[in-house]
Every structure is written in C-alpha cells, then in structure tokens.
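Worksheet: one structure, shown below.
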Amino acid sequence: MDKHYDPSDIEKKWFPHWENSGAFKGGRRPDAQPYCIVIPPPNVTGSLHVGHALNNTLQDVLCRFERLRGKDVLWQPGVDHAGIATQMVVERQLAAEGLDRRDMGREAFLERVWKWKEESGGTIENQLKRLGSSADWSRSRFTMDEGLSKAVVKVFVQYHREGLIYRDKRLVNWDPKFRTAISDLEVEQREVDGNFWHLAYPVDGSDERIIVATTRPETMLGDTAVAVHPEDDRYRHLVGKMVRLPLTDRLIPIIADEHADPEQGSGAVKITPAHDFNDFEVGKRNDLEMINIFDQHAAINENAPEKYRGMSREEARKAVVADLDALGVLVKIEPKRIMMPYGDRSGVVIEPWLTDQWYVDAKTLAGPAIEAVRSGKTKFVPGNWEKTYYQWMENIQPWCISRQLWWGHQIPAWYGPDGTVYVAESEEEAQAQAGEGVALTRDEDVLDTWFSSALWPFSTLGWPEDTPDVKRFYPTATLVTAFDIIFFWVARMMMSGLHFMNEVPFKDVYITSLVRDEKGDKMSKSKGNVIDPLDFINKYGADALRFTMASLETQGRDIKLSESRVEGYRNFGTKLWNAARFCEMNGIGGSRDLTPPPATLSVNRWIIGEIGKAAELVTKSLEAFRFDAAANAIYHFTWGTFCDWYLELIKPTLMGKDGAEKDETRAVAGWVLDQILVLLHPFMPFITEELWHALYEGDRDDLIEARWPVVRADAVDAEADAELTWIVDLISATRSARSEANIPAGAKVSVLVQETREERLLWLARNGDLILRLGRLASITPTEYLPNKGAVQFVMDGASFAIPLEGVIDLGEERARLDKAIAKTEKEINALSGRLSNEKFVANAPDEVVAEARNRLEQERDQLEKLKAAKARLG
RNA sequence: GGGCGCGUAGCUCAGGGGUAGAGCACUGUGUUCACACCGCAGGGGUCGCAGGUUCAAAUCCUGCCGCGCCCA
C-alpha cells in the first residue's frame, strides 16, 4: 500500500470497474427481495449542486446498504427534459447565431434541441458518477424517450376519456417572457414595494364619485364593474347604478358582492375579471363582461382605447396614471408593500390571462392519494411532512398542464374545422373518430414537464408495456427527495401511480434536509455563496464529501455545510488508510469468514463484541433513515475504538514471537477490519473497496457485493468486556495522573497498586505488558502499603494507585489535585444520597434505578474514602 | 392569518423523564517503528425564559421571547 492516501486515484479506478462488472445492475438476484429507488430526475440542463450531492449520497447509501444485505437492488437513474429550461438554453444559443425558432420552424428547432441534448445533456449524469452513485446507468431513462413518451400519451388519453383531463377557458398564470401558461406552483409570490392608487370614478347621472383603490391602475382599462359589500350602508344607494369609466366610453355597473372588504381602503373595489383571479370569480358570480386588454406579451391590445395600444404594462401604467391625474380622477397615491407573482424561471411578473388551456382534475385524483398516506401505505420520513402534504392536497386546484412551448410532449389532441376536439393516441385514431375527410389540426402545445415526471416510478420501468421490471420493482421502496418538490412531484406521482397502477409508487418518502452555506444562508447564484460539490470532491475526495453529507443529515434540521467538516472526514479516510497499512505491515489480511474467528484472548473477544455493537447501531440507524447516527457509529468505532485502543493493545502481541496468540490476533484484527470496511462502504465506497482488495491475499469478490456483517451486540462477551473496560480505564487514569502531575512524557515511572481482589490481580498479571506499554510505565506492582509521601496518587475502580516520585512532585499541587477529585466525589455522593433519602423516590422509581443509585453511592463512598486516605498519606 | 420547525460547550449539531454528549475550535504536551490529515491529557454548558405535571424535567405540558421555512 502507498504511504499516502490519495482519493482521486482510487476513485478513478473503482467506478469504471464496478460499472463494467455489472455490480450496479438491477435484477441480478432473482431470488432475493427487490429493492428499488427511482432517482429524482435532474433537469437535462442541470449540473451538480449540493442538493443533488446530498440527495444522491443518501440514495447511494441506501442502495449500497441494501445490496450488501443481499437484496436485488435497482437504483433507476435518468433525467427529465425540463421543457422551459431547455428551450431557453437552446433559444439563447440560436439568438447568439442571430436565429429565431419561429423562423426555423418547429421540426428544425426540435432537431436542434435533440442535438444539444446529445452533446451536453450527459453532464449531470457524469457528475453523479463522480460522487460514486451506484445507479444502474445502463437503464438511464429520459422523459422524452420513446417509451416514456408513449406512457405520457396513454395517460393523457385515458385521463381524458375518464373526464379527468379537460379543456377550459379560465385565467391562467401567463408568463409574458416565455409566452406560455405555467402552473400555480411555478409562480413565486414576492413582497415588493408598490402603491395603492386611489381613483375616484364618477357615478353616472349623479355628482357622486366612488373611490376605488388598486395596485394595478393600468388594468382599469379592463374594468367591468365596481363592487361594494352588500351590507355596506355607505354604498347601498349606489348599487345598481352605473359608473362612467374614465379614459373609456364604457358604463359599468356598481354591484354588491362579498368580495368587497368594507375594512379595506374605501370599501369599494374595481373589478377586472379578465386580469385578476379574485375578480374573475366575482365576474362569474355576477355575469360580468370579461375584457382582455393584454396580448401575449402583456402589452395593451385592441380592446383598449387606441392611445394605449401596443404599450407594455409598465408604459401603460405611466400613461394611465398621468391621464387619470389630468382628469382629476387620481386622488391619492399610497405607498404599500404588496405581493406580486413572479415566474420562477423567467423572473418576470406573471399576468393572469384568459386563455384556453388543458387541465387535470387534481381534486378527484387527490382523494386516493390522501387516503394512501392516511392509511400508512406510504409513509413520510420525518413524519411531520405528511401534514404539509395533506394541507396542499386538500386544497388542491385544477392543474394547468398545457404549455405554449415546442420542447416537450405534444398534446395528443386534434381539432376539426368546427373546433371539435379529438383526443387519441395517434393521428389515425383521431381521424377515425372525426371521420374520413375531416381536416384535422394538432394542438400545438406541449405538456408540463411534471406531467411526465409524475409517471416516473412506472414509466421508467417499462410501463405501459407489461414488463417483468414493472411487476418486480413497482411499488418502489423509497423515494429520497427535498421538501420543495412534495407538491410538484411527490403528490403527482402518488396520484398517477394510484390511478394507473392501483398501488402507491413508493412505501417511504424520505425528505432530505436543505443544504445551506456555513452561515446558514440559502445558497443562490445571486448571493454568490454557491458551493460546487465537485470542488470538494477534487480537493478531498468523493468519500469525504459523502461522509460529510451523511453525518450532517439529521431529521428536521437544515444542513450548514462547511469546508472544515469535509476536511475532517478526509482525515478520517487517512486515518483508516494508515490503520490498514499498519495491519498490512503486520501480516493482517482480509478474512474469509462472515462469522468471527475463534478467539481466546480477552482483547480479541472484546473487540468482536465492540464491532457487534457498532454493526447493530449502524444497521438500526440506517433502517430508521438516521444517516447521522449510522455515520457517527462507524466513525467512532473505527477511530475511537479500533485505532485508538485495539490496535494499540495488540501491538505487543504482533511485535512478539510467532505463535497461536499472534495468529489468533491477526485473524481477529483482519476480520474486524473487514467488518469496518463493509459497514463503512455505503458511506465511503471508494476507499473501502480499495482496502478490501489491498488487504487480501489473492483475489476476492468486490466489496460492493460482499455481505453485511452478521454479528450484533449479542456478540459481547461480558467477561472480556469487564476486563478490557478495566484495562482501558486504568491506562486512561494513569495517563491522566502523569499528565496532571507534569511527569514528562518520556519518563518511565513505576506504579504501586493496593489491590487484593483476585480477578483484578489476574487481569493485572495477564495484561501487565500492555499496561506498561500504553501507560509508559517501568513497572506496576501490587503492594500492601502505599508510600507515605512523595507519590502521585489516584483512585480507580475501588483501588488506590501511587507513582512514587520522591522529591520531584509538588506537594501543594498534588494536594490540590486530590482535593478536586474529593470535591467532585462528594458532590456525587450528596446528589445520590439526597435522592435515596427521599422515600418517594425509593417507593416510586423503578427498582433497577434505585439499585443503580445505591450501587453508585457505595462506589462513590469507597472512592471518597480512598481519596482521603491518599491525601492523608501526603502528610 | 393558517401550518411546520428550531433555540444544548466558542462554532456546527446529537440526545429526548433517572451520571449532560460528539466533531471542529481552544489550552498543555509529544515519548520506538500505521498515522502531525497524528498521539496523549485538559478547560469549557443555570440545555432561550417563566410556570406546571412528576419521587425525578435539558427531555413531557402551557405560556412567553428570539430565529427560520411553507401556504394564503
């Protein structure tokens, strides 16, 4: 083995090896229990960010864990076609060449997009591979694949047949930049500085004016009513009268509608049904005219007075406000923080716009999806996300699925000359429906990308074909995703999965934390605090990044990622590397057995129990999605137990003469190291695979396909455990005493111990060499009487110890040291005896708690006595 | 306004009725041969505040204060 641990060499070596060996392939263990995770498909335009790194680390940990446990694991990868984002990218490229998609035509444009996809679409997959993701890359799917497209068409047609997809004219969120409708979820509400413009509209045939306040004065050109609250006495006499709408020649009615809030502004409100969601409802209730004053660019159209036509929203606002002011209609401008809708991709203000679009009847589909979570068929982890899910599902709105784009699944609907719509899986079928000779035109629009993503857990497995994979891997086991797409994606997969497969798409939904920067700020390009996970991989290795992600992943708290953590876990890799190198130098190699080798030495029996405890902790933690606890358990065992104690404890044996004890120790050490490698493999796959082979003589199967440890906490040998605990405590106490007494590290000192208990004396005799070595001692000798002065003294486990250092020690310091220990012990005694003298405690507390307290009190009293005696000896 | 969550060591966070923990940082020290990306030893906390339940509260309950997120 190399003296230095270099992650990059190892990573380059093992990933292709695994991939070529077929280790990632699903379906290779036909007799085993299937375990399937579908990847949350990243955008084809995407590149790896820390959210992906976290999410995919966790998925890979689970997949590798279950693979090691013998399951037939399929991690299904792929990417989605990201309709708007991709079209943007390609249009930008075209613009740089002076081209416009509308000039080149749909077909040529789509060719261009596919070409872009072939060249640049693989970026994110390659980055996920750098992370070590053990997905079955040979099956990677794309939402625009032929098969997945077929699934989309089938779903659309069937939903339509069942009345769950319909075409409707209503207000949509219109993105004037991309000139497409978007769904509610793609709209961000942002609070911005705005105004309330107070306008005094003249009441027709009267001198009265009625004041309305609006945040969007330009929309007054489309007003078709003024509403007041039916109970509002101030306006009761005006209801039914008409207002002469300034700047236009129109007369609009004053109506009574509960939408008008008497507390808000003047209590009267202008109604623009074609440009506001609330007003739209008012308009429907009151049968108002709907005047659309904007075109698809959100510029004023021909329904407004000629003067304003062609103006943008912003220009129109200025002109309208100026004109109203000139007319004396504008009575007040009141600055106000207001909520404005923005497109999440375009960043422009969204316009509520009246158009024909396709909708999914989400309300109907939500019923079974809610029930599936209520009944526990699908569980959210952590469970509190279920509330979020219910809340949204119970208030779900129709889902607008049509987009005025070219890149995506074109809607399988054809229109006859009279506007009749024919929905069918192919043009031939549509023609058959329409009858021969009827000229058909296909709907130009495409579907929301999420419409195809909603089918991901079964479309990627081959549906609508009746494939063996669908049978075997659906429903999938676990979905790992972030909370921000519970609505976008999880809910919609639940709906379509239940509808088409009659079964939930996944049993557990693990909601990951959100990764923030080390100050706790959300990462964003504009803030410039984005951490590129590839930088960390390059600097510290993928294993270190993965381990960091896992160990920071706690349930219900955001992750603050800092470089020092990644560095620390790289150091952990180095530590393991060096420990393995030490093993190699001492003839310790990989084991051929799953079960522990026979062990007679206490230290070996002890470490077998310790790894058993660690294995149980890691296993249970992973089963409960406690990634932090699992990572910490293996970290602590490896560093704190195996390296710090076990390897030190076996050094004398390894350095000693050959024989049965040495053979046994080598076998146990090799076996334990193997267990570490397996337990750590899900978190640090590269270094563990490297060491797995480096330590083994001859060829062995890859670690990725090894078996998860079978030892558990019941491997603990109580006697060995007691003995080693004693040894460890004794060495620690010795080190403390000499450090506190400033005994130079290089000085070998002698220790006297006042000990009569047979078992301890036996332990001492048996482990003397170890204790001398690790405590830097010249000797340790049982004695009846401890020296009267000039010794550093300590008490441990009911025995008194002394390090005679005549003339060297500082008596004052030594007394202070013992006083400190005495004070600490007395404090314990007070607390314990206080509790035990409380009758209610003795009566009510569980027996073992009381017994424990009594036991401890006795020990503390014994300790106190010995400490006092030690102090007395100092004189 | 509705919902969710978080305040524990300097920092980042576990724990979740019965002895307050980890990593990093910090202080001291460095002994022979795995490792200074290291070893050994050590300091550091009225567990946000106030009530309540209990023999016992950091932990459960209520209220308050502070911070964050989601939805309207």
Side-chain angles (χ1 to χ4, degrees), chain A residues 1 3-5 184-185 189 339 382-392 395 483-484 486-487 513-514 516 518-522 540-541 544 548 551-586 588 621 626 628-629 631-633 635-636 639-640 643-644 647-648 651 654-655 731-748 773-776 824 827-828 831-832 834-846 848-850 852-853 856-857 859-860:
Chain A
M1 282 175 64
K3 188 156 188 214
H4 292 287
Y5 162 51
D184 300 347
L185 289 174
Q189 299 291 337
M339 298 301 285
N384 50 299
W385 290 108
E386 287 177 9
K387 266 203 163 156
T388 306
Y389 173 83
Y390 292 140
Q391 207 175 333
W392 188 68
N395 297 293
F483 73 87
D484 52 345
I486 291 177
F487 307 145
S513 313
L514 188 73
R516 298 166 174 279
E518 55 193 312
K519 286 187 293 228
D521 290 334
K522 213 166 166 174
Y540 302 110
T548 307
S551 68
L552 292 177
E553 174 64 13
T554 61
Q555 291 182 3
R557 196 192 273 264
D558 291 342
I559 289 179
K560 290 179 194 157
L561 183 62
S562 75
E563 181 161 357
S564 67
R565 287 301 281 258
V566 187
E567 187 186 4
Y569 291 122
R570 187 275 320 267
N571 295 353
F572 174 56
T574 305
K575 184 77 182 176
L576 175 66
W577 184 265
N578 285 313
R581 211 158 57 83
F582 170 80
C583 288
E584 186 191 44
M585 289 170 178
N586 285 282
I588 294 165
S621 299
R626 289 302 311 259
D628 60 329
N632 291 337
Y635 179 96
H636 281 126
W639 200 318
C643 292
D644 287 349
L647 290 184
E648 296 303 325
K651 274 179 182 173
L654 295 174
M655 308 292 171
I731 293 167
S732 300
T734 310
R735 285 168 170 172
S736 282
R738 53 183 299 160
S739 169
E740 280 170 16
N742 295 313
I743 297 171
K748 290 208 172 185
R773 183 193 160 92
L774 297 184
R776 298 294 301 163
K824 199 177 154 200
K827 200 178 148 201
E828 283 296 311
L832 286 164
R835 256 207 281 172
L836 283 164
S837 60
N838 181 347
E839 283 170 28
K840 286 180 174 172
F841 170 70
V842 179
N844 293 327
E848 64 268 23
V849 172
V850 178
E852 166 86 22
R856 273 186 49 221
L857 179 60
Q859 282 174 20
E860 295 289 347

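Reminder, nothing fancy here: chain letters follow the sequence lines and each chain counts from 1. Predicted model only: the values in this text are computed from it and were never measured.
- Comparing B:A34, B:C37, B:G18 against the side chain of A:R570 picks out B:C37 as the nearest.
- The side chain of A:S562 contributes no N or O atom lying less than 4.0 Å from OP1 or OP2 of B:C11.
- Using a 4.0 Å cut-off, no side-chain N or O of A:K3 falls inside it from OP1 or OP2 of B:A34.
- For A:F841, counting side-chain heavy atoms from C-beta on, the closest listed nucleotide (B:U12, B:A34, B:C55) is B:C55.
- Residue A:W639 places its side chain closer to B:G39 than to any other of B:G42, B:C35, B:G39.
- Nearest nucleotide to the A:K560 side chain, out of B:C13, B:G3, B:A41: B:C13.
- Counting only distance, with no hydrogens or angles, the side chain of A:S621 and the backbone of A:A631 share no donor-acceptor pair below 3.5 Å.
- In this structure, A:N571 atom CG and B:G23 atom P are separated by 13 Å, rounded to whole Å.
- In terms of position along RNA chain B, the nucleotide closest to A:Q555 lies nearer the 5' end than the nucleotide closest to the other residue of the pair A:Q555 and A:R773.
- Across all strands, A:N586 comes closer than 4.0 Å to no nucleic acid atom at all (heavy-atom distances).
- Here A:C583 lies out of heavy-atom contact (under 4.0 Å) with every strand.
- Within the nucleic acid shown, A:E648 comes within 4.0 Å of at least one base atom, counting heavy atoms only.
- Residue A:P846 is classed as a base contact, given a heavy-atom separation below 4.0 Å to a base.
- Each of B:G15, B:C55, B:G7 was ranked by its minimum atom distance to the side chain of A:R626; first place goes to B:G15.
- As the counterpart of B:G7, B:C65 is assigned, both hydrogen-bonding distances of the Watson-Crick or G-U wobble pattern falling under 3.5 Å.
- A donor-acceptor pair under 3.5 Å links the side-chain atoms of A:R738 to the main chain of A:P744, judged by distance alone.
- Regarding contacts with the backbone of B:C35, every side-chain N or O of A:T574 stays at 4.0 angstrom or more from both OP1 and OP2.
- Considering only side-chain atoms of A:A845, the nucleotide from B:G18, B:C35, B:G39 that sits closest is B:G18.
- Relative to the side chain of A:D644, the nucleotides B:C35, B:C40, B:C6 differ in distance, and B:C40 lies closest.
- Across all strands shown, B:G1 pairs with B:C71; the Watson-Crick or G-U wobble distances both stay below 3.5 Å.
- Heavy-atom minimum distance, A:S513 versus A:E553: OG-OE1, 2.9 Å.
- Looking at heavy-atom distances under 4.0 Å, A:S736 makes contact with sugar-phosphate atoms alone, never a base.
- A donor-acceptor pair is defined here as one N or O able to donate and one able to accept, closer than 3.5 Å; such a pair exists between the side chain of A:E584 and the backbone of A:M1.
- Residue A:N632 is classed as having no contact, given no heavy-atom separation below 4.0 Å to the nucleic acid.
- Here A:W639 and A:Y635 bring their ring centres to under 6.0 angstrom of each other.
- Considering only side-chain N and O atoms, A:N844 lies under 4.0 angstrom from the phosphate OP1 or OP2 of B:C55.
- The phosphate of B:C69 has neither OP1 nor OP2 within less than 4.0 Å of any side-chain N or O from A:R557.
- Residue A:D558 is classed as a sugar-phosphate contact, given heavy-atom separations below 4.0 Å to backbone atoms only.
- Within 4.0 Å of A:E740, counting heavy atoms only, lie sugar-phosphate atoms of the nucleic acid but no base atom.
- Within 4.0 Å of A:R738, counting heavy atoms only, lies no atom of the nucleic acid at all.
- Across all strands shown, B:U19 remains unpaired; no Watson-Crick or G-U wobble contact has both distances below 3.5 Å.
- Across the strands present, B:U46 finds no partner; the criterion is a Watson-Crick or G-U wobble pair with both atom distances under 3.5 angstrom.
- Side-chain atoms of A:F483 lie closest to B:C69 of the nucleotides B:G5, B:C69, B:G3.
- Pairing for B:U59 is absent, judged as Watson-Crick or G-U wobble with the two contacts each under 3.5 Å.
- The main-chain N or O of A:N632 is never found under 3.5 Å from a side-chain atom of A:S551 such that the two would form a donor-acceptor pair.
- Nearest-nucleotide mapping onto RNA chain B: of A:K748 and A:K387, the residue sitting toward the 5' end is A:K387.
- Backbone-only engagement by A:R581 is indicated by non-hydrogen atom pairs under 4.0 Å involving sugar-phosphate atoms exclusively.
- Within the structure, a side-chain polar atom (N or O) of A:K651 is placed less than 4.0 Å from OP1 or OP2 of B:A34.
- The partner of B:A41 is B:U27, judged by Watson-Crick or G-U wobble contacts that both fall below 3.5 Å.
- Phosphate contact (OP1/OP2 of B:G18, side-chain N/O of A:R856, threshold under 4.0 Å): absent.
- Judged purely by atom type and a 3.5 angstrom limit, A:N395 uses its side chain to pair as donor or acceptor with the backbone of A:Q391.
- OP1 or OP2 of B:G39 sits under 4.0 Å from a side-chain N or O of A:K575.
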